[in-house]
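Since this is a predicted model, take the numbers as computed values, not measurements.
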Amino acid sequence: MQILDYIKVFWRRKWIIIFTMLAAAAAAFVGTSKLQPIYVSYVTLRVYTYTTGTADFLSHDIMYAERLMQTYIEMVTSYPILDAMMETLELEDLPTIEATYTLNTEFLTIKVEAPEPEVAADAAALLAELLIKEIEVPRETVQIGVLEVPGLSSDPLQRDGKSRVEVFEPARMPESGGAPNKSMFLAMGTIIGLVGGVMLAAVIENLDTKLYSTDQIERATGLPALGAIPAARKARQVRAASEVFAYAEAFRRLRTNLFAAQPGSPVRTLVVTSAEPEEGKSTVVVNLGLSIAQTGSRVILVDADMRRPVLHTLLDLSNEVGLSNVLADETPLDEAVQASWLPGMTALTSGPLDPDAAEWLGSSKLAALLDRLAQQYDAVLLDASSLLAVTDAAVLAQRVDAVLLVVQCARTRRPAVQAAIQELAQVNVEPLGVVANRAKLPGRYRQRYYQKKGAGLRERSAPVAADATESVRDPLAEIEGIGADCEALLYTAGISTFAQLAAQTPEELAQKIGDGVTGEQISQERWIEQAQTRVQDHEAPA
């Protein structure tokens, strides 16, 4: 994998990383909030070291000074002094005590950490006082050789009767708690959460077999991606021919790549299938047929999924007579073919469901039917059943010029797609390519087509087939506020002229359009009034 692939993976799993990072930061914040602050107080003592020599030259006993400092450190942290401090201050818990000295100086520092500032300051001051008292206590007798001299101290620093340890900097009351450092803990928690989120995202990515991008689909199938179709709401999955934005443009790209894939032998009969059900193959068939019809070609859609037919629903056609009736010699082909509401396209629905569909699809009658359709139409698109559900698609694939495999991003799993390709390989059929359905388009591509709905040049509708009913259509998207997407819904509702739009009421129009459009919105944007003005301008004498 390249760096860009890793970036795509982490971007796809960004919510896992963000959630893990926020959870760790929140845990660190809650944890540090419950921790009691620690107050620190210091007291500094000066220890006068013993000197030798005359007045002209004095020297310090460095070895003795170091031993003396170490002795005082041990004394201040010994149980006799600590017990006395605990008893005097009436403490139940011993605070943290640390005594250190600075090299080449006479300063001894006592550091006390406690949950209360008063305890820290009092304990530091008391420890200094107890240490000085312990040092100043004289012995009753001093052994000098074989003599015992009363009233002298064994410490040479006390021979003049004055204290040689004194407080240089007294203990102060700490104003704020020094530890724990909440900012540091919060930063550490955030960093740990970020690292953990990245690792968790990597683990989930390795365990997840879903295909999320066209690159993953191409690597998993070994086939070229002829098209990448963006996601669309169900109400808008079948688009009008006059729309110019990302959804329609994606099918134009698919159309171009499809016919460029086999320049020597043009594709006239094409099976569109998928590995598993509900991957959007039927919608791809309809929109691809519409895109081909826009070039002026004669297109027929054949619903060869005789177990779960969908085309008649998408095209709003009857399914009482269809492919099964033609194959059974019950209905002539000309009577079974129906004109769709989409310009330039006719359709042959599946007809009544037949449990012996696989036998019909593999028969010589179907081969003859496909030859006849290929002579009458420029493109014959067959919507077949899913490859892993039944054998119908594999049987049908042997009768056509090419097979197109639809893979829905973020839903279809790698093993399923590979198994579907293996099903086709067993009948010596290799798909022409794959279509990534519900794919995420690059940001600039979306901005160009989605944010400027209806902008730019309009693509003219292809001529309607001879057996379809012609209708005159006005460019309804020219009315301010409608746009190309609402224009498609108006056409679907049977409103294709300014006069038809002008005859509506806002409430009736909103009910016909649906898709979240309200009568209040129609009234505010004056759709009907604009249409009435255009009708009046058209009827006005020149």
Side-chain angles (χ1 to χ4, degrees), residues 31-32 34-50 60-144 148-182 185:
T32 53
K34 293 183 178 180
L35 292 177
Q36 193 170 15
I38 302 298
Y39 296 89
V40 183
S41 182
Y42 299 88
V43 61
T44 303
L45 304 175
R46 183 178 181 183
V47 179
Y48 294 90
T49 57
Y50 181 63
H60 291 268
D61 190 342
I62 298 176
M63 298 295 294
Y64 175 77
E66 184 176 350
R67 291 198 305 270
L68 192 64
M69 288 291 191
Q70 293 291 347
T71 301
Y72 291 165
I73 289 175
E74 292 295 330
M75 290 175 63
V76 80
T77 57
S78 63
Y79 284 108
I81 291 182
L82 295 179
D83 290 342
M85 180 201 67
M86 295 280 291
E87 183 177 354
T88 303
L89 298 179
E90 299 180 352
L91 300 178
E92 295 182 358
D93 298 323
L94 179 67
T96 303
I97 300 170
E98 181 182 359
T100 58
Y101 74 95
T102 307
L103 292 174
N104 301 321
T105 68
E106 297 178 340
F107 295 114
L108 176 67
T109 303
I110 301 174
K111 173 184 175 183
V112 179
E113 298 179 358
E116 295 83 18
E118 297 85 359
V119 173
D122 294 344
L126 184 56
L127 285 172
E129 181 182 348
L130 293 173
L131 178 61
I132 293 174
K133 286 183 178 181
E134 182 69 20
I135 294 172
E136 290 180 348
V137 174
R139 295 184 181 181
E140 295 182 357
T141 60
V142 177
Q143 187 73 30
I144 302 178
E148 292 183 357
V149 181
L152 294 179
S153 171
S154 62
D155 191 338
L157 298 181
Q158 302 297 325
R159 292 178 183 174
D160 58 358
K162 297 181 180 180
S163 172
R164 291 300 181 179
V165 179
E166 60 184 26
V167 176
F168 178 78
E169 184 179 356
R172 295 182 181 181
M173 181 78 68
E175 296 180 357
S176 60
N181 190 331
K182 294 184 179 180
F185 276 99

Start with the C-alpha gap between Glu169 and Val43, add the side-chain angles, then the distance that decides, and say whether side chain to side chain contact (heavy atoms under 4.5 Å, CB included) holds.
CA-CA 6 Å; Glu169 184 179 356; Val43 61; over 6 Å; no

Verify side chain to side chain contact (heavy atoms under 4.5 Å, CB included) between Met75 and Leu131, making sure each step is shown before the conclusion.
CA-CA 7 Å; Met75 290 175 63; Leu131 178 61; 3.9 Å; yes

List the steps and the verdict of side chain to side chain contact (heavy atoms under 4.5 Å, CB included) for Val112 and Leu127.
CA-CA 9 Å; Val112 179; Leu127 285 172; 3.9 Å; yes

As a quick check of understanding, evaluate side chain to side chain contact (heavy atoms under 4.5 Å, CB included) for Ile97 and Leu82, giving each step before the final call.
CA-CA 9 Å; Ile97 300 170; Leu82 295 179; 3.2 Å; yes

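Here the CG-CD distance, from Leu68 to Glu106, works out to 10.0 Å after rounding to the nearest 0.5 Å. The CD atom of Glu98 sits 10.0 Å away from the OG1 atom of Thr109 when rounded to the nearest 0.5 Å. The distance from the OH atom of Tyr79 to the CG atom of Leu94 is 8.5 Å, given to the nearest 0.5 Å. Once rounded to the nearest 0.5 Å, the distance linking CG of Asp122 with OG1 of Thr88 reads 11.0 Å. Expressed to the nearest 0.5 Å, how far OH of Tyr72 lies from OG1 of Thr77 amounts to 14.5 Å. Residue Ile132 holds its CD1 atom at 5.5 Å from CG of Leu45, rounded to the nearest 0.5 Å.
Residues Ala128 and Val167 approach most closely at CB-CG2, 4.4 Å, considering heavy atoms. The heavy-atom pair separating Leu130 from Ala84 by the smallest distance is CD1-CB, 3.9 Å. The minimum heavy-atom distance between Pro95 and Glu113, with the atom names listed, is CB-O, 3.2 Å. In terms of heavy atoms, Ala120 sits closest to Tyr39 at CB-O, 3.7 Å. When all heavy atoms of Ala121 and Ser41 are compared, the closest pair comes out as CA-OG, 3.5 Å.
Evaluation of the ring pair (Phe, Tyr, Trp, His ring centres under 6.0 Å) test over residues 108-135, restricted to residues two or more places apart or in two chains, returns none.
Under the 4.0 Å criterion applied to side-chain N and carboxylate O atoms, Arg46 and Glu166 are not assigned as salt-bridge partners.
In this structure Arg172 satisfies the salt bridge (charged side-chain N to carboxylate O under 4.0 Å, His left out) test with no other residue, sequence neighbours excluded.
For an aromatic pair to be called close, the ring centres must be under 6.0 Å apart, and Tyr101 with Phe107 fails this.
When side chains are defined from C-beta on, Val40 counts as touching Lys111, because their heavy atoms get closer than 4.5 Å.
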